[in-house]
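Note on naming: letters A, B, ... go to the chains in the order of the sequence lines (proteins, then strands), and numbering restarts at 1 for each one.
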There are 2 protein chains.
Amino acid sequence: MFSVSARTQYAIRAMTCLATKPDRSSTSAEIAQAENIPAKYLEGILSRLKAFGLIESERGKNGGYRMAKNPSDITMLEIVEAIDGRIKPVTCVDAIGACAQGAACHPRNFWIGLKSTIDAYLAERTLKDVAQG
Amino acid sequence: MFSVSARTQYAIRAMTCLATKPDRSSTSAEIAQAENIPAKYLEGILSRLKAFGLIESERGKNGGYRMAKNPSDITMLEIVEAIDGRIKPVTCVDAIGACAQGAACHPRNFWIGLKSTIDAYLAERTLKDVAQG
DNA sequence: TTAATTCCTATCTGGATAGTAGGAATATAT
DNA sequence: ATATATTCCTACTATCCAGATAGGAATTAA
Ligand code: FES
Ligand code: FES
């Protein structure tokens with residue numbers, strides 16, 4: 001319950017790794033080793049982060065990844081959503097009536113409130129905050 | 001990510017159902033129909049809630065389930081933990097060093113803070129609040 | 001041309017989640 | 001007593017998906 005996927009934990013570790021080396025670019029293999037992440041698996045994660053505009057990359061020899069923005073301009077919510085999409089504690093947060101109680105469903109507001117709370121926590125913290133501890 | 005298991009959603013619906021009928025006892029089948037929950041599956045859920053002291057039951061004809069406490073004395077955190085155990089966004093919330101960064105792991109405090117935030121949200125709300133909408 | 005790298009697609013696997021089945025134990029009513 | 005209604009217990013199945021791996025195509029620098 002409420003568990004964070006390995007993918008997301010990996011993504012955050014990878015981002016903190018890049019955040020501490022803003023000057024140069026790091027290869028996937030380098031990050032994998034430093035952060036103890038399965039190398040091939042990490043490639044896919046970095047792809048997503050790039051697709052979301054959080055990091056940049058260059059191919060070929062001497063290629064690698066680096067931050068696309070300042071760490072203080074990246075919220076943890078952005079990273080989480082890049083990897084796992086929009087947070088939905090229950091399906092009905094977006095689509096009303098998922099539980100056959102329709103609009104009369106009492107727990108629904110409770111779940112929506114939970115989502116807001118989680119979102120707020122994540123949005124309030126930047127990669128810079130987390131990278132510093 | 002952060003998704004709520006069907007079990008927990010069922011449990012909460014079942015509890016709200018019972019909370020609105022404090023005078024009498026409801027059968028498992030009755031709750032299942034009212035809340036649109038697979039009947040056999042619900043039985044197992046009610047067992048857990050009982051084991052946790054949140055509801056009481058009586059077997060045999062005219063048997064059924066009823067609240068063991070006042071809904072205003074049951075927090076949502078109790079219900080969630082009865083069903084899915086202690087909330088652990090990441091394994092290292094309880095066991096330090098799960099990520100091979102050991103005590104030096106920066107994201108760890110971030111995750112611990114997230115857990116506290118979720119726990120607080122759930123602990124602040126009672127079944128009564130949720131049953132009323 | 002070689003080596004190093006990102007990038008793309010496909011596949012495997014284990015474990016968890018959701019749900020089902022069948023029946024034993026227990027209580028009530030008639 | 002007997003039938004009936006219920007909780008309670010154990011085991012099983014199916015399905016899905018996260019996590020991981022494999023192989024190679026495209027790209028770039030030396
Ligand atoms: S609409 Fe989501 S629990 Fe009812
Ligand atoms: S100890 Fe948990 S992410 Fe590092």
Problem - Nearest-nucleotide 5' precedence on DNA chain D, A:Ala39 against A:Arg59 - result: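 Looking at the nearest nucleotide for each, A:Ala39 comes out on the 5' side.
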
Practice task
Would you kindly compare A:Gly60 and A:Leu42 by the position of their nearest DNA chain D nucleotide and give the one closer to the 5′ end?
Solution key: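 First, find each residue's nearest nucleotide; the 5'-ward one identifies A:Leu42.
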
Spacing of [X] atom [atom1] relative to [N] atom [atom2], expressed in whole Å:
X	N	atom1	atom2	result
B:Lys61	D:dC8	NZ	P	18 Å
A:Ile45	C:dT6	CD1	C1'	15 Å
B:Glu30	D:dA5	CD	P	14 Å
A:Arg24	C:dT5	CZ	P	11 Å
A:Asn62	C:dT6	CG	P	11 Å
B:Lys50	D:dC8	NZ	P	4 Å
A:Ile31	C:dT6	CD1	P	8 Å
A:Lys40	C:dT11	NZ	P	16 Å

Counting only side-chain heavy atoms from C-beta out, which of [options] sits nearest to [X]?
X	options	result
A:Glu43	D:dG19, D:dC8, C:dT6	C:dT6
A:Tyr41	D:dT21, D:dT7, C:dC7	D:dT21
A:Ala6	C:dT6, C:dT26, D:dG19	D:dG19
B:Ser57	C:dT5, C:dA18, D:dT7	D:dT7

Handout entry: Any A:Phe110 side-chain heavy atom under 4.5 Å of B:Thr16 side chain
Key =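 No - every pair of side-chain heavy atoms lies 4.5 Å or more apart.
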
Practice task
Verify whether one side chain among B:Lys50 and B:Ser57 offers a donor that lies under 3.5 Å from an acceptor in the other.
Solution key: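 Looking only at side-chain atoms, B:Ser57 and B:Lys50 do form a donor-acceptor pair, the distance falling under 3.5 Å.
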
Handout entry: Taking every non-hydrogen atom, the tightest pair across A:Tyr10 and A:Ile45
Key =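 So the minimum-distance heavy-atom pair works out to CB-CD1, 3.6 Å.
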
Exercise for the section: Describe the nucleic acid contact of B:Gly64 in one word from base, sugar-phosphate, nothing, applying a heavy-atom distance below 4.0 Å. Expected result: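 Touches sugar-phosphate only.
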
Exercise for the section: Assign B:Ser47 to base, sugar-phosphate, or nothing according to its heavy-atom contacts below 4.0 angstrom with the strands shown. Expected result: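 Contact class for B:Ser47: none.
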
Exercise for the section: Identify the residue among B:Val130, B:Leu122, B:Leu127 that makes a side-chain contact (heavy atoms from CB on, under 4.5 Å) with B:Ile79. Expected result: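 By the side-chain contact (heavy atoms from CB on, under 4.5 Å) criterion, B:Ile79 pairs with just one of B:Val130, B:Leu122, B:Leu127: B:Leu127.
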
Problem - B:Tyr10 side-chain N/O to C:dA18 phosphate OP1/OP2 under 4.0 Å - result: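 Checking C:dA18 against B:Tyr10, no side-chain N or O comes under 4.0 Å of OP1 or OP2.
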
Practice task
For B:Pro38 and for B:Asp84, locate the closest nucleotide of DNA chain C by heavy-atom distance; then report the residue assigned to the nucleotide nearer the 5' terminus.
Solution key: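 Mapping each residue to its closest nucleotide by heavy atoms, the 5'-most match is B:Asp84.
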
Handout entry: NZ or CZ of B:Arg48 within 45° of B:Phe52 ring axis and under 6.0 Å
Key =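 That pair does not qualify as a cation-pi contact.
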
